[in-house]
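Inspection log for the structure reproduced underneath, given as structure tokens.
For this chain, numbers begin at 1 and follow the sequence in order.
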Amino acid sequence: MAERIHPAAMATRPHERIRAIGAHAPLLHEHLARLSEIDRCARLGRPVAAPAIEAYCTRLRGEESLIVACVVGDRVVASGELVESAEDRVFGGGNGVADLTIAVEEPHRRAGIAGRVCAELIRRAPQRRLALVRMAYAADNAAMARLAHRLGAIDREMAGRTTAEICTGWMNDALMPILFERSAGFRPLLTQ
């Protein structure tokens, strides 16, 4: 059984920096362009060709998203993002639900970077008034399943996709019934 990730245990290695960055950062654009088509689609939520990354980031990303990156030297090697969920935007927002997407470049995988980036995003989520973070991934993606479990998520499978939900510790009246429904066996990442 994998150990749960705790923010205090998320110390970076000396050559790594985990930090928030803007959508317009040139280092982010370069990172997204280096990703394979499959990884880019998973990270951005839809297919985006390498030449269209700048337009994608400029058009779609704004104040509602939070982007955290792992920087090694002068290069972004992993990035994760919290974006207000599509359903939340349709119904006027303010419900405190966000979708988390992440991508780690191939040479830097299996080093714990994804866990550190996700933990930092979840740590910062209450500052954005986000009570629930969701991660969606293919049901056969064992690495993401392990990561979601280590983050304390509960998950459900539907049509070959798994949605993992993580409580951030921030409470919102609109989400109280949803969170109480998920309380059985739920282990929040952050405890106050």
Side-chain angles (χ1 to χ4, degrees), residues 5-86 88-89 93 96-137 143-144 147-148 150-151 164 166 168-170 189-190:
I5 298 173
H6 189 276
M10 300 311 306
T12 59
R13 289 178 263 171
H15 61 285
E16 292 177 0
R17 293 185 319 267
I18 305 289
R19 63 184 178 100
I21 61 173
H24 306 294
L27 291 177
L28 177 64
H29 294 184
E30 293 167 11
H31 158 67
L32 295 175
R34 284 191 301 270
L35 295 173
S36 71
E37 280 188 47
I38 293 170
D39 290 340
R40 192 177 313 120
C41 182
R43 167 63 177 82
L44 300 176
R46 64 183 171 94
V48 176
I53 289 171
E54 185 172 357
Y56 173 86
C57 291
T58 303
R59 182 179 65 251
L60 205 54
R61 300 297 177 253
E63 289 298 315
E64 77 278 358
S65 66
L66 170 64
I67 302 170
V68 169
C70 176
V71 181
V72 175
D74 61 350
R75 184 176 174 160
V76 170
V77 299
S79 64
E81 184 171 4
L82 284 179
V83 179
E84 184 180 10
S85 71
D88 211 24
R89 286 192 301 269
V97 179
D99 295 317
L100 185 152
T101 60
I102 184 160
V104 179
E105 292 179 24
E106 183 59 45
H108 299 276
R109 292 182 182 165
R110 292 167 288 285
I113 292 172
R116 289 190 288 280
V117 169
C118 288
E120 182 63 15
L121 284 166
I122 294 165
R123 187 186 72 76
R124 291 172 179 253
Q127 299 165 1
R128 297 289 182 113
R129 302 175 57 93
L130 297 170
L132 191 67
V133 171
R134 296 185 305 203
M135 299 167 55
Y137 52 91
M144 284 299 289
L147 175 59
R150 290 177 60 210
L151 290 167
I166 303 162
T168 67
W170 184 81
L189 174 69
L190 303 175

Please give me the minimum heavy-atom distance between [X] and [Y], naming the atom from each residue.
| X | Y | value |
| --- | --- | --- |
| Cys118 | Leu100 | SG-CD2, 3.7 Å |
| Pro47 | Cys41 | N-SG, 3.6 Å |
| Gly80 | Val117 | N-CG1, 3.7 Å |
| Val104 | Ala114 | CG2-CB, 3.9 Å |
| Leu130 | Ala98 | CD1-CB, 3.7 Å |
| Thr168 | Ala125 | CG2-CB, 3.5 Å |

Task: Heavy-atom donor-acceptor pair, Arg40 side chain to Leu35 backbone, under 3.5 Å - done: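 Yes, Arg40 side chain to Leu35 backbone: donor-acceptor pair under 3.5 Å.
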Open item on the list: Looking at His31 and Pro26, would you say the former's side chain and the latter's main chain have a donor-acceptor pair under 3.5 Å?
Closed with: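 Such a contact is absent between His31 side chain and Pro26 backbone.
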Within this structure, what is the [atom1]-[atom2] distance for the pair [X] and [Y], rounded to the nearest 0.5 Å?
| X | Y | atom1 | atom2 | answer |
| --- | --- | --- | --- | --- |
| His24 | His29 | NE2 | NE2 | 7.0 Å |
| His108 | Cys70 | NE2 | SG | 8.0 Å |
| Ile122 | Arg124 | CD1 | CZ | 13.0 Å |

If we only count heavy atoms from C-beta on, is the [X] to [Y] side-chain gap below 4.5 Å?
| X | Y | value |
| --- | --- | --- |
| Leu121 | Val133 | no |
| Ile102 | Met144 | yes |
| Val83 | Thr101 | no |
| Val68 | Arg19 | no |
| Leu82 | Arg128 | no |

- [ ] Look at Glu120 together with Arg116 and state whether they make a salt bridge at an N to O cut-off of under 4.0 Å.
- [x]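 No.
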Open item on the list: Can you tell me which residue among Val77, Val76, Ile18 is in a side-chain contact (heavy atoms from CB on, under 4.5 Å) with Val71?
Closed with: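 It is Val76; the other options fail the test.
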Open item on the list: Under the criterion side chain to side chain contact (heavy atoms under 4.5 Å, CB included), I'd like the reasoning laid out for Leu44 against Leu32: C-alpha separation, chi angles, the key distance, then a yes or no.
Closed with: CA-CA 9 Å; Leu44 300 176; Leu32 295 175; 4.0 Å; yes
- [ ] For side chain to side chain contact (heavy atoms under 4.5 Å, CB included), just list the numbers for Leu27 and Ile21, CA-CA rounded to whole Å, side-chain angles, deciding distance to a tenth of an Å, and then say yes or no.
- [x] CA-CA 9 Å; Leu27 291 177; Ile21 61 173; 5.9 Å; no
Open item on the list: Applying side chain to side chain contact (heavy atoms under 4.5 Å, CB included) to Arg34 and Arg75, what does each step give before you reach the verdict?
Closed with: CA-CA 11 Å; Arg34 284 191 301 270; Arg75 184 176 174 160; 2.8 Å; yes
